[in-house]
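Because only heavy atoms are used, hydrogens play no part in the values below, and waters and symmetry mates are left out as well, while side chains stay in. Below, chains carry the letters A, B, ... as their sequence lines are ordered, and counting in each starts from 1.
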Protein chains: 2
Amino acid sequence: MAHMPVAERRARLLAAAFEVISRAGVSGATTRAIVDEAGMKLASFHYAFESREDLLVQLVDVVVHQQEVVLDLPDAEPAQGSPAAAVARGEHSALTALRQLLERGLARYFDEVRANPLRERAMFELTQYALRTTSMAGVAERQYERYRNLAVASLQEAAMRTGCTWRRPLDELAADLVALTDGITLAWLADGDDARAARTIAFAARALAAEAAPPAEAAPPAEAAPRAEAAPPGEAAPPGEAAPPTPTPPTTTEAP
Amino acid sequence: MAHMPVAERRARLLAAAFEVISRAGVSGATTRAIVDEAGMKLASFHYAFESREDLLVQLVDVVVHQQEVVLDLPDAEPAQGSPAAAVARGEHSALTALRQLLERGLARYFDEVRANPLRERAMFELTQYALRTTSMAGVAERQYERYRNLAVASLQEAAMRTGCTWRRPLDELAADLVALTDGITLAWLADGDDARAARTIAFAARALAAEAAPPAEAAPPAEAAPRAEAAPPGEAAPPGEAAPPTPTPPTTTEAP
DNA sequence: GCCCAACTGGGACGGATGACCCAGTCGACG
DNA sequence: CGTCGACTGGGTCATCCGTCCCAGTTGGGC
């Protein structure tokens with residue numbers, strides 16, 4: 001193996017380690033397997049890292065910060081195809097637009113999961129490893145905090161694009177969204193049922209959209225919407241409260 | 001170690017293995033650690049099981065069938081305290097009662113998780129181990145099928161108790177419920193935030209209850225259920241949406 | 001009570017693993 | 001163009017792993 005600065009060697013080893021973990025799990029990611037994957041010699045490992053656990057700690061850090069999205073909203077479409085445009089034309093309510101946008105975003109996130117299931121599995125496994133390793137205390141917590149932060153940004157943008165406002169604090173909704181994506185991902189990893197995942201995604205989009213309020217009348221799609229912040233839905237705010245999605249559907253009661 | 005029939009030895013080793021896995025993970029559950037936990041000698045292990053993997057396979061089977069609930073509904077209260085009774089008195093809509101019942105059930109499930117987090121972690125880890133082990137193909141799939149079956153039973157009972165009906169096939173809702181509990185559990189294992197979990201549980205209960213329909217009228221007491229009944233058409237009706245949570249909106253599910 | 005099969009105990013083995021060491025080699029800088 | 005320090009390669013070590021073996025021991029059916 002040619003010479004190379006330590007930094008790059010470290011980066012290559014981290015990438016190789018993630019690759020091995022994807023394939024064989026954390027327990028299969030031995031020092032030898034990692035250097036083999038990276039095409040290096042064993043001694044290079046302990047030149048770049050103090051120990052195997054040292055690498056694992058840094059790997060979790062890197063990998064968590066590589067996670068880009070929890071909800072992958074499509075690019076804003078300023079043209080007539082956008083949900084906002086449809087709302088403007090009165091074809092949908094803003095809440096419907098929000099729900100559709102969320103569903104699109106979840107579906108796009110899920111497409112990434114489906115395209116690379118090994119990666120997701122490795123992420124879960126690293127989280128559990130972090131939970132069990134005392135020297136990594138707090139890593140899993142920060143990991144989920146980051147997920148929530150990503151979710152906050154996406155939810156905020158989705159609301160802005162459709163002119164809706166969230167009726168609960170954003171970080172609470174972010175936790176709900178993260179729980180949903182985690183659950184959907186986990187179930188799909190176990191059973192591989194695409195159709196079921198799609199249905200759960202639709203459910204998740206409905207559930208989240210139900211936590212939003214439509215634009216307050218004539219207000220242009222800007223800020224300054226009356227947040228129901230003071231009173232988070234304590235007892236009397238099931239979906240039937242403000243006006244959200246409770247209009248009685250066409251009574252097509254489906255038999256179990 | 002005294003004599004004992006093989007069956008009991010196997011059972012004790014399985015219990016010890018789960019204990020060790022809870023504490024040290026699957027990779028920490030070495031044959032020596034397991035027999036040590038069980039207070040046996042190493043040779044007894046291979047007398048009772050063909051190999052370590054043999055034990056692991058059987059352990060997943062046992063443990064999955066020990067899982068009793070995904071949603072732990074409180075015992076039915078025939079007296080005046082029950083949600084159904086409140087509905088009968090017209091204090092709540094049946095949907096509110098359903099939501100409360102679901103939230104109670106989720107909270108009770110979560111109490112068990114909180115009381116024994118190591119158990120849950122071990123379950124997740126076993127699932128992932130099964131996913132990666134070719135000789136355990138299908139095990140994870142059956143595991144989630146069982147979870148869904150448990151969820152179906154609970155959802156059915158919750159609807160029956162409150163007189164509501166589910167507007168989507170039960171097994172779809174079961175998948176949604178399982179995803180939610182998984183997500184809630186996973187997040188709590190990572191951050192240990194009880195309050196956040198409680199809020200997400202409330203959200204989950206709302207989301208699920210939104211998939212139900214109240215009893216088809218015939219309710220003797222005054223109406224309290226849906227507010228937007230047969231909406232007078234032609235009017236502004238800002239929140240009026242075509243059919244918000246209609247079962248399987250066919251045009252909104254496609255992927256990019 | 002006897003006897004045989006079911007069971008136990010202790011040890012052993014080949015292989016893998018994390019960690020390490022030191023003699024060499026390469027390349028950037030002067 | 002030489003040199004010195006950063007980097008590499010191969011070998012080594014103690015430990016732990018799953019598995020196996022075989023000599024003993026136990027207990028229940030006759």
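- Under the 3.5 Å distance criterion, the side-chain polar atoms of A:Arg99 are left unmatched by any main-chain donor or acceptor of A:Ala209.
- The side chain of B:Tyr47 lies closest to C:dC7, out of C:dC7, C:dG9, D:dG18.
- As a whole-Å value, the separation of A:Met40 CE from D:dG9 C1' is 14 Å.
- Contacts between residues 51-61 of chain B and DNA chain D, counted as heavy-atom distances below 4.0 Å, involve B:Ser51, B:Arg52.
- Considering only residues two or more places apart in sequence or on other chains, A:Leu150 meets the side chain to side chain contact (heavy atoms under 4.5 Å, CB included) condition with A:Gln67, A:Val70, A:Arg146.
- Salt bridge B:Asp191/A:Arg148: present, at least one basic N to carboxylate O contact under 4.0 Å.
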Audit row: A:Gln58, A:Asp54, side chain to side chain donor-acceptor pair (under 3.5 Å) steps and yes/no: CA-CA 6 Å; A:Gln58 297 195 33; A:Asp54 180 23; 3.2 Å; yes

Residues 25-36 of chain A, side-chain donor-acceptor partners within the protein, below 3.5 Å, at least two apart:
residue	atom	partner	partner atom	Å
A:Thr30	OG1	A:Ala33	N	3.0

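- In this structure, CZ of A:Arg32 is placed 16 Å from P of D:dT15, rounded to the nearest angstrom.
- Nucleotide D:dC7 holds its P atom 17 Å from the CZ atom of A:Phe45, rounded to whole Å.
- Rounded to an integer number of Å, the gap from A:Phe49 CZ to D:dC7 C1' is 16 Å.
- One can place CG of B:Leu42 at 15 Å from C1' of C:dC7, the figure rounded to the nearest angstrom.
- The nearest heavy atom of DNA chain C to A:Thr31 and to B:Pro5 marks one nucleotide each, and the one closer to the 5' end goes with B:Pro5.
- Taking atom CD of residue A:Glu8 and atom P of nucleotide D:dC7, one finds them 12 Å apart after rounding to whole Å.
- A:Ile34 places its CD1 atom 11 Å from the P atom of C:dA19, with the value rounded to the nearest Å.
- Considering only side-chain N and O atoms, B:Thr30 lies under 4.0 angstrom from the phosphate OP1 or OP2 of D:dC17.
- Between A:Tyr144 and A:Tyr147, the ring-plane angle classifies as perpendicular under the 30° and 60° cut-offs.
- Heavy-atom nearest nucleotides on DNA chain C were determined for B:Val6 and for B:Ala43, and the one closer to the 5' end corresponds to B:Val6.
- Atom CG of B:Asp36 and atom C1' of C:dG10 are 15 Å apart (whole Å).
- Neither OP1 nor OP2 of C:dC20 sits under 4.0 Å from any side-chain N or O of A:His46.
- For the residue pair A:Gln143/A:Thr127, the side-chain donor-acceptor check at 3.5 Å is satisfied.
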